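Keep in mind the model is a prediction, meaning the values are calculated, not measured.
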Amino acid sequence: MPLSANNPDRESWLHVDKHSDFPIQNIPFGVFLTRNDIITIGTRIGDTAIDLGALHQLGYFEGIPLTDDIFLQDTLNDFIADGRQTWRAVRNRIAEIFDIENNTLKDNLKHKEIVLFRLDEIEMQLPVEIGDYTDFYSSIEHATNVGTMFRDPDNALLPNWLHIPVGYHGRSSSIIPSGIPVHRPQGQTLPKGATEPVFGPSKLVDFELEMAFITTAANDLGESIPIEEAEEYIFGLVLFNDWSARDIQKWEYVPLGPFLAKNFASSISPWIVTLDALEPYRVKGPKPVKPQLEYLQYKGKKSFDINLEVAIQPKGAKETVVSKSNFKYMYWNMSQQLAHHTVNGCPVNSGDMMGSGTISGPTEDSYGSMLELTWRGEKPIKMKDGTERKFINDYDTVIMRGYCENDGTRIGFGEVKTELLPVFTKK
């Protein structure tokens with residue numbers, strides 16, 4: 001099925017700002033609460049939210065085999081489970097409906113009042129019910145920086161890192177959409193020079209600049225997904241802030257890896273941008289440093305040129321951009337991650353989420369965490385309001401943005417924006 005929704009010459013009869021992340025070529029998917037307190041599945045063009053449930057009930061998806069209630073749900077899981085052919089057909093139809101040359105909905109005032117919403121009339125929700133969440137560790141720059149800090153430069157990468165996409169199983173219950181504040185976590189830490197741990201609030205709360213991909217139901221128990229088929233099971237991507245407590249992490253991560261330092265909160269952008277929408281932005285990934293085993297070898301361009309940035313906004317002050325990076329720096333790509341995740345027969349379900357791991361680039365201003373940007377707090381970053389940051393302070397808001405751009409077309413993810421509050425206390 002052709003990707004007609006991606007036609008770079010297509011224009012919409014809806015207003016789209018020149019620098020919008022959401023032109024008619026994007027057509028992301030999300031879940032929102034409407035002005036009538038109804039939860040629906042929708043999409044977005046420019047600054048207009050579109051109720052796909054209402055659009056479907058009004059007959060605009062005629063000819064596409066969809067169940068009556070496919071968009072009348074509070075998650076995208078069932079729609080995602082229908083597979084790529086359905087996703088593509090729906091995106092193509094939405095592009096046709098909102099094409100500037102199509103007057104069918106454009107001239108139907110009654111239908112437009114039912115289907116279209118201003119952004120201030122909706123409240124975005126978590127787009128999928130995330131049954132399982134895996135976080136990878138796939139940026140060679142990030143892994144090298146962290147290994148240099150906590151071991152030594154000569155042994156920055158552990159022996160397995162160049163052979164397998166390292167990952168760990170995370171906690172899906174604490175994944176939240178943009179706009180929901182998080183609380184500073186508590187846990188055990190080992191203060192410098194101490195021999196026994198203490199309990200208390202983390203003093204080194206950090207962000208991790210990541211992206212995450214959402215899967216569809218892919219395989220049965222015991223079945224592997226071949227690398228050449230992996231993308232068939234990837235619905236799309238979101239921006240992902242995997243909050244971390246570095247002092248808790250340092251004490252607990254040996255021998256089994258992250259636990260309380262990571263599972264207190266992770267924030268995602270609410271609109272899922274499909275892999276189809278990102279098709280024009282494919283690029284080659286980094287060349288392998290060492291030969292990779294056959295099941296991880298691939299052909300073609302499996303990386304994507306997605307510009308990323310992180311800003312910190314102190315309460316009542318202007319934001320300061322602290323990092324500019326790119327998704328194309330990832331050493332292990334999504335196809336390799338999914339192929340490795342399932343090579344032992346682990347089943348993947350609709351709505352599962354896979355985090356990329358911190359995305360750091362080759363320069364100091366492209367590092368994807370405060371741990372690296374300030375080099376463990378040794379090089380504080382100055383904010384626009386004159387204050388300094390080694391890590392994230394209470395009432396700071398962390399904002400992540402991402403977009404692709406070439407040939408005059410821009411596809412973006414919006415932002416994931418989260419305020420850090422003090423330790424939770426019962427009222």
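Rounding to the nearest 0.5 Å gives a distance of 11.0 Å between CD of Gln25 and OG of Ser4. Note that OG1 of Thr86 is 14.0 Å distant from CZ of Arg91, once rounded to the nearest 0.5 Å. Summarising the geometry, atom CD1 belonging to Ile306 is positioned 10.5 Å from atom OH belonging to Tyr281; distances are rounded to the nearest 0.5 Å. A distance of 10.5 Å separates OG1 of Thr43 from CD1 of Ile97, quoted to the nearest 0.5 Å. Interatomic distance, CD1 of Ile411 versus CG of Asp21, reported as 9.0 Å (0.5 Å rounding). The CD atom of Glu419 lies 11.5 Å from the OG atom of Ser267; values are rounded to the nearest 0.5 Å.
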Q: Please report the C-alpha distance between Ser350 and Asn77 in whole Å, then the side-chain angles of each, then the deciding distance to 0.1 Å, and finally whether the side chain to side chain donor-acceptor pair (under 3.5 Å) criterion is met.
A: CA-CA 6 Å; Ser350 177; Asn77 291 56; 4.6 Å; no

(Q) Quick one, Ser369 with Arg246, criterion side chain to side chain contact (heavy atoms under 4.5 Å, CB included). Give me CA distance, side-chain angles, the key distance, then yes/no. (A) CA-CA 11 Å; Ser369 66; Arg246 298 300 184 186; 3.5 Å; yes

Q: Kindly determine whether Glu11 and Ile24 satisfy side chain to side chain contact (heavy atoms under 4.5 Å, CB included), including the steps that lead there.
A: CA-CA 7 Å; Glu11 294 182 33; Ile24 194 170; 5.9 Å; no

Q.
Go through it in stages, so that I can follow the logic: the residues are Glu231 and Arg282, the test is salt bridge (charged side-chain N to carboxylate O under 4.0 Å, His left out), and I'd like the CA-CA distance, side-chain angles, deciding distance and then a yes or no.
A. CA-CA 13 Å; Glu231 287 188 352; Arg282 288 182 179 273; 2.6 Å; yes

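Side-chain atoms of Asp206 and Ser244 form no donor-acceptor pair, as typed in the model, at a separation below 3.5 Å. Asp407 and Thr409 form no side-chain donor-acceptor contact under 3.5 Å, judged by distance and modelled atom types alone. Judged by distance alone, the side chains of Glu141 and Thr144 never bring a donor and an acceptor atom under 3.5 Å apart.
Under the 4.5 Å side-chain criterion, counting only non-hydrogen atoms from C-beta, Tyr367 is not in contact with His142. Between Leu275 and Leu237, the closest side-chain pair of non-hydrogen atoms falls below 4.5 Å. Counting heavy atoms from C-beta on, the side chains of Lys203 and Phe391 never come closer than 4.5 Å. Side-chain contact between Val31 and Thr40 is absent, with no heavy atoms from C-beta onward closer than 4.5 Å. Residues Asn393 and Pro314 are not in side-chain contact: their nearest non-hydrogen atoms beyond the backbone lie 4.5 Å or more apart. Two residues are said to be in side-chain contact when any heavy atoms from C-beta on lie closer than 4.5 Å; Phe235 and Trp87 meet this criterion. Put simply, the side chain of His169 reaches to within 4.5 Å of the side chain of Asp132, judged on heavy atoms. Here the side chains of Thr216 and Ile80 are in contact, with some heavy-atom distance below 4.5 Å.
A salt bridge does not link Lys318 to Asp385: none of the charged nitrogens lies less than 4.0 Å from a carboxylate oxygen. Under a 4.0 Å N-O distance rule, the pair Arg44/Asp47 qualifies as a salt bridge. Salt bridge present: Glu319 and Arg401 bring a charged side-chain N and a carboxylate O closer than 4.0 Å. Of the charged side-chain nitrogens involved, at least one lies within less than 4.0 Å of a carboxylate oxygen, so that Asp396 and Arg389 count as a salt-bridged pair. No salt bridge links Lys262 with Glu252; every basic N to acidic carboxylate O contact stays at or beyond 4.0 Å. Asp276 and Arg88 are joined by a salt bridge, as a carboxylate oxygen and a charged side-chain nitrogen come within less than 4.0 angstrom of each other.
Remark: Arg410 qualifies as a cation-pi partner of Tyr403 under the 6.0 Å distance and 45° angle criteria applied to the six-membered ring.
Remark: of the listed residues Leu308, Ile268, Val416, Val416 is the sole one forming a side chain to side chain contact (heavy atoms under 4.5 Å, CB included) with Met400. When each of Ile50, Ile45, Asp51 is paired with Leu116, the side chain to side chain contact (heavy atoms under 4.5 Å, CB included) condition holds for Ile50 and for no other. The residue from Phe327, Phe213, Tyr133 that alone fulfils the ring pair (Phe, Tyr, Trp, His ring centres under 6.0 Å) condition with Phe240 is Tyr133.
In this structure, Phe150 and Leu371 approach most closely via the heavy-atom pair CE1-CD2, 4.1 Å. Across all their heavy atoms, Thr358 and Gly368 have their closest contact at CG2-O, 3.4 Å. Here the shortest heavy-atom pairing between Asp154 and Asp152 reads N-OD1, 2.9 Å. Closest of all the heavy-atom pairs between Ser366 and Ser325 is O-OG, 3.3 Å. Taking both residues in full, the closest heavy atoms of Leu157 and Ala143 are given as CD2-CB, 3.6 Å, listed atom of the first, atom of the second, then distance. The two residues His341 and Asn344 have their closest heavy-atom pair at O-OD1, 3.4 Å.
Between the Lys112 side chain and the Lys106 main chain, a donor and an acceptor come within less than 3.5 Å of each other. No side-chain donor-acceptor contact under 3.5 Å links Thr374 to the backbone of Lys379. Judged by distance alone, the side chain of Ser20 and the main-chain N or O of Val16 form no donor-acceptor pair under 3.5 Å. The closest donor-acceptor contact from the side chain of Thr274 to the backbone of Ala277 lies under 3.5 Å. A donor-acceptor pair is defined here as one N or O able to donate and one able to accept, closer than 3.5 Å; such a pair exists between the side chain of Asn26 and the backbone of Gly412. No side-chain donor-acceptor contact under 3.5 Å links Glu232 to the backbone of Glu229.
Aromatic ring centroids of Phe71 and Phe79 lie under 6.0 Å apart. Tyr137 and Trp332 have their aromatic ring centers separated by at least 6.0 angstrom. Taking the centre of each ring, Trp13 and Phe98 come in below the 6.0 Å mark. Checked against a 6.0 Å centroid threshold, the rings of Phe207 and Trp243 do not count as neighbours.
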Without placing hydrogens or testing angles, list every side-chain donor-acceptor pair under 3.5 Å for residues 176-193, not counting sequence neighbours.
| from | atom 1 | to | atom 2 | distance (Å) |
| --- | --- | --- | --- | --- |
| Ser178 | OG | Lys417 | N | 2.8 |
| His183 | ND1 | Pro422 | O | 2.7 |
| Arg184 | NE | Asp394 | OD1 | 2.7 |
| Arg184 | NH1 | Ser202 | O | 2.8 |
| Arg184 | NH2 | Ile392 | O | 3.0 |
| Arg184 | NH2 | Asp394 | OD1 | 3.0 |
| Gln188 | OE1 | Trp251 | NE1 | 3.0 |

